[in-house]
Amino acid sequence: MNALHRDPSSYISAMFSYEFLDGGIDYDSIEQIHRGEFDEWIFALAGSGLFTNEEVRSMVQEWRLDPKTLLNTLLADADEVTAKRCEVTWAALDRVAPFAPSVPVAVFG
């Protein structure tokens, strides 16, 4: 029996889009995605029972190559204003990323 190839994007959007609907932008989530911190989404996907381990691995690999693919998936059902605000936030993060330290900076007082 051959399984049909399905695009998991609509399932992911349905699971997590509440964070980005009706102007309820979660800027912390955008920053996490931009930094490549996907643990909370990976854990939720793996525990949902909707995806095989291989599908989760495939999605994580795609996100690591291009983190914005996760953001775009989450914004699939967002209104135009919310999507634009998220795009502007992402662009701002792109501008400051080269100046951000790659390792946490210890501050001694």
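With respect to Glu87 and Lys68, a salt bridge is recorded, a charged nitrogen being found less than 4.0 Å from a carboxylate O. Using a 4.0 Å cut-off between charged nitrogen and carboxylate oxygen, Arg57 and Glu54 count as a salt-bridge pair.
Once rounded to the nearest 0.5 Å, the distance linking CZ of Phe43 with OG of Ser48 reads 11.0 Å. If you take CH2 on Trp90 and CG on Leu75, they are separated by 10.0 Å, rounding to the nearest 0.5 Å. For the atom pair CD1 (Ile33) and CH2 (Trp41), the distance works out to 4.0 Å, reported to the nearest 0.5 Å. The line from CD1 of Ile30 to CG of Leu93 is 7.5 Å long, rounded to the nearest 0.5 Å. Note that the OG atom of Ser29 and the NE2 atom of His34 stand 14.0 Å from one another [nearest 0.5 Å]. To the nearest 0.5 Å, atom CD of residue Gln61 and atom CG of residue Asp66 are 12.5 Å apart.
Nearest heavy-atom pair, Phe38 versus Pro67, reported as atom, atom and distance to 0.1 Å: CZ-CB, 3.9 Å.
The backbone N or O of Thr69 sits less than 3.5 Å from a side-chain atom of Thr73, completing a donor-acceptor pair. Looking only at distances, no side-chain donor or acceptor of Ser58 sits under 3.5 Å from a matching main-chain atom of Glu55.
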(request) Apply the test salt bridge (Lys or Arg N to Asp or Glu O under 4.0 Å) to residues Arg35 and Glu31: give CA-CA distance (whole Å), side-chain angles for both, the deciding distance (0.1 Å), then the verdict. (result) CA-CA 6 Å; Arg35 287 190 306 263; Glu31 288 182 36; 3.8 Å; yes

(message) Could you walk me through whether Leu45 and Leu50 satisfy the side-chain contact (heavy atoms from CB on, under 4.5 Å) test, starting with their C-alpha distance in whole Å, then the side-chain angles of each, then the deciding distance to 0.1 Å, before giving a yes or no?
(response) CA-CA 7 Å; Leu45 291 178; Leu50 295 172; over 6 Å; no

